[in-house]
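Accompanying notes for the structure given below.
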Amino acid sequence: MLSAKQAEAIILNLVQPLSSSQDVEIVDLEVAPLRILAASVSSKLDFPDWDNSAMDGYAVCYEDVKNCNNEHPKLLEIVEEIPAGYQPKTTIKSGQAARIFTGAMMPAGADTIVIQENTTREGNQVKIFAAPQPKEFVRHRGSFYRAGEEMLPPGIIINAPEIAVLATAQCTKLPVYRRPKVAILSTGDELITPKQPIQPGQIVDSNQYALASFVTTNGGIPIKLGIIPDDCQQLIKAISSAIESADLVLSTGGVSVGDYDYVEQILAQLGGEIQISSVAVKPGKPLTVAKFANGCVYFGIPGNPVSALVSCWRFVQPALKKLSGLKDNWQPTFIKARNRDRLVAGGKRETYLWGKLHLVDGIYEFALAGGSHSSGNLINLAQTNSLAVIPIGQTEIAAGEQVEVMQVNYF
Ligand SMILES: Nc1nc2c(c(=O)[nH]1)N[C@H]1C(S)=C(S)[C@@H](COP(=O)(O)OP(=O)(O)OC[C@H]3O[C@@H](n4cnc5c(N)ncnc54)[C@H](O)[C@@H]3O)O[C@H]1N2
Ligand code: MOO
Ligand SMILES: [Mg+2]
């Protein structure tokens with residue numbers, strides 16, 4: 001059986017990023033948060049575009065004030081007042097100063113700012129009590145950014161800092177990758193929607209909702225195709241239409257060895273190349289992955305609700321990230337943590353136990369979710385932010401020992 005790492009590598013190899021020429025839409029800056037930039041952004045202007053003052057004080061010529069101190073203050077004549085947004089008119093000469101405020105343009109002739117705390121004002125004059133450093137508190141033109149250089153590279157997610165940069169570049173419309181389309185279907189005769197009255201033997205299709213939420217919070221568009229009974233003809237119809245309409249397909253159920261588990265044979269029948277039919281992980285063993293000629297990658301995800309979400313976190317999320325145009329950081333984040341509870345595993349498969357990471361005095365601690373760690377128990381999965389990983393061959397990690405933990409992150 002494939003290891004989790006091998007399966008991850010196969011999956012990342014199967015998925016190709018959206019095209020930076022065809023799969024792009026132009027959006028307004030206001031709706032750009034959490035989208036992925038599809039092209040490099042630059043500006044025709046330097047930043048800052050003119051020398052300006054970083055402090056409230058006086059713009060002076062350094063040579064005039066370089067030797068002054070409390071005993072020998074320097075008296076300068078104030079020839080102009082420069083608030084932010086005002087264009088200075090006067091060139092500062094030796095013996096002169098301009099009153100200036102944070103963010104205001106430096107006047108010609110001056111090269112240094114003296115903060116007002118080191119001065120006293122006497123009418124039209126200012127007394128300087130402390131020598132500044134040469135060019136102190138001047139933000140020089142182009143010192144943060146040179147016109148024409150790349151400001152933002154393609155393939156990054158847009159958050160508040162990037163929005164600030166884009167606004168500064170006056171980039172009010174920008175190219176982002178379209179959101180990946182992810183078709184979702186639940187297979188199983190026993191499934192009903194949360195709105196239907198429940199009969200004995202039936203269970204609510206929670207996977208459809210969980211997976212749609214997972215896709216949305218990972219930047220994709222979920223296309224919910226509903227519940228498909230364990231019937232070959234109906235499955236063939238639903239699966240082939242899913243493959244035609246989406247970049248990725250996620251189905252749950254029907255991938256194990258039961259008499260009604262038809263998904264893998266249907267994928268092969270529809271021309272899919274089966275790349276993975278099981279992975280040595282618990283939960284999630286019967287994960288089935290196929291690639292279709294149109295580029296669509298199909299994930300046949302085990303039906304148990306915990307297996308379904310763990311498979312999404314471990315294997316679908318990297319695929320979705322790569323597909324979406326993100327240039328790196330596709331793989332989950334693994335960290336070391338101190339293990340609060342005793343953890344046990346079967347030893348035959350890499351085991352994922354769900355729980356919460358806490359940061360205590362700068363050290364991560366993993367707290368196992370209470371209750372059953374059955375892959376059918378979705379109740380104690382709520383509030384999970386991480387999965388403890390117990391390697392193959394290991395059956396126990398004692399409380400207090402170090403454990404590797406996979407963080408369950410959203411974009
Ligand atoms: N003899 C064996 N039996 C099983 C094996 C095995 O190796 N040998 N593997 C087990 C493992 S591990 C898993 S995981 C499951 C996977 O089963 P399937 O993917 O075929 O899923 P189903 O049989 O259709 O359903 C399993 C379970 O999950 C419930 N389910 C299904 N869909 C949903 C849904 N949309 N929402 C909520 N719950 C759902 C379903 O009712 C079943 O209880 O196979 C084991 N068996
Ligand atoms: O692999 Mo299954 O997901 O153990 O329950
Ligand atoms: Mg089954």
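No hydrogens, no waters, no symmetry mates; every other heavy atom, side chains included, goes into these values. Both counts, for ligands and for their atoms, begin at 1 and track the order of listing.
Nearest heavy-atom pair, R314 versus Y352, reported as atom, atom and distance to 0.1 Å: NE-OH, 3.1 Å. Shown here for I184 and P222, the closest heavy-atom pair between the two residues is CD1-CB, 3.8 Å. Scanning both residues, Y62 and Q133, for their nearest heavy atoms gives CE1-C, 3.7 Å.
A donor-acceptor pair shorter than 3.5 Å cannot be found between the side chains of Y145 and S43. Y86 and E80 share a side-chain donor-acceptor pair at under 3.5 Å. Checked by atom type, the side-chain pair T102/D56 shows a donor-acceptor distance below 3.5 Å. When only modelled atom types and interatomic distance are considered, E162 and N159 share no side-chain donor-acceptor pair under 3.5 Å. At a cut-off of 3.5 Å, with distance as the only test, no side-chain donor of E8 or Q6 sits close to an acceptor on the other residue. No hydrogens or angles considered: a donor-acceptor pair under 3.5 Å links the side chains of E150 and S40. Using modelled atom types, one finds a donor on one side chain and an acceptor on the other under 3.5 Å when comparing N218 with Q317.
Atom CG in L18 sits 10.0 Å away from atom NZ in K181 (nearest 0.5 Å). The CZ atom of R179 sits 9.5 Å away from atom CD1 of I36, with the distance rounded to the nearest 0.5 Å. In this structure, CG in L191 is found 7.0 Å from OG1 in T252, a value given to the nearest 0.5 Å.
If you number the atoms of ligand 1 from 1 as listed, the ones under 4.0 Å from a heavy atom of T252 come out as 35 (N). Within ligand 1, counting atoms from 1 as listed, the ones closer than 4.0 Å to a heavy atom of V204 are 36 (N), 37 (C). Contact atoms of ligand 1 toward D261: 20 (O), 23 (O) (distance under 4.0 Å to a heavy atom of the residue). For ligand 2, the atoms sitting less than 4.0 Å from at least one non-hydrogen atom of N304 are 5 (O), numbered in the order shown with element in parentheses. Every atom of ligand 1 is numbered from 1 in the order shown, and the set under 4.0 Å from a heavy atom of S307 is 14 (S). Interface atoms of ligand 2 facing P283, defined by a heavy-atom separation under 4.0 Å, are 1 (O), 3 (O), 4 (O). Atoms of ligand 1 lying under 4.0 Å from any heavy atom of S186, numbered from 1 in the order shown and given with element: 35 (N). Residue contact check: G284 has heavy atoms under 4.0 Å from atoms 1 (O), 2 (Mo), 3 (O) of ligand 2. Contact atoms of ligand 2 toward S307: 2 (Mo), 3 (O), 5 (O) (distance under 4.0 Å to a heavy atom of the residue).
Here's the thing with V255: one of its N/O atoms is less than 3.5 angstrom from an N/O atom of ligand 1. Distances between N or O atoms of I203 and those of ligand 1 include no value under 3.5 Å. Taking only nitrogen or oxygen atoms, main chain and side chain alike, S256 reaches within less than 3.5 Å of ligand 1.
By the 4.0 Å heavy-atom criterion, V263 is excluded from the residues contacting ligand 1. Under a 4.0 angstrom heavy-atom cut-off, G188 registers as lying outside contact with ligand 1. Under the 4.0 angstrom criterion for non-hydrogen atoms, Q208 is not in contact with ligand 1.
Counting protein heavy atoms only, atom 4 (O) of ligand 2 is closest to R349 NH1, 3.4 Å. Residue, atom and distance of the protein heavy atom nearest to atom 7 (O) of ligand 1 are K285 NZ, 2.7 Å. If you check which protein heavy atom lies closest to atom 8 (N) of ligand 1, you get V257 CG2, 3.5 Å. Atom 5 (O) of ligand 2 has S375 OG, 2.5 Å as its closest protein atom, hydrogens excluded (heavy atom only). For atom 11 (C) of ligand 1, the nearest non-hydrogen atom of the protein is P286 CG, 4.1 Å.
Among G303, A308, S206, S251, the residue whose heavy atom lies nearest to atom 30 (N) of ligand 1 is G303. For atom 13 (C) of ligand 1, the choice among L287, L211, I184, N304 with the nearest heavy atom turns out to be N304. Evaluated by nearest non-hydrogen atom to atom 21 (O) of ligand 1, the leading choice among P302, G201, G254 is G254.
In this structure, N304 contributes its side chain and S307 its backbone to no donor-acceptor pair below 3.5 Å. Within the 3.5 Å criterion, the main-chain N or O of M106 finds no donor-acceptor partner in the side chain of D51.
Contacts of L191 with ligand 1, taken as heavy-atom pairs under 4.0 Å, involve the side chain alone. Heavy atoms of N207 found under 4.0 angstrom from ligand 1 belong to the backbone as well as the side chain. Here E190 has side-chain heavy atoms under 4.0 Å from ligand 1, and that is the only part of it that gets that close. Neither the backbone nor the side chain of P283 has any atom closer than 4.0 Å to an atom of ligand 1 (non-hydrogen atoms only). The proximity of D205 to ligand 1, defined as any non-hydrogen pair under 4.0 Å, involves the side chain as well as the backbone.
By the 6.0 Å and 45° rule, K74 does not stack over the aromatic ring of F129.
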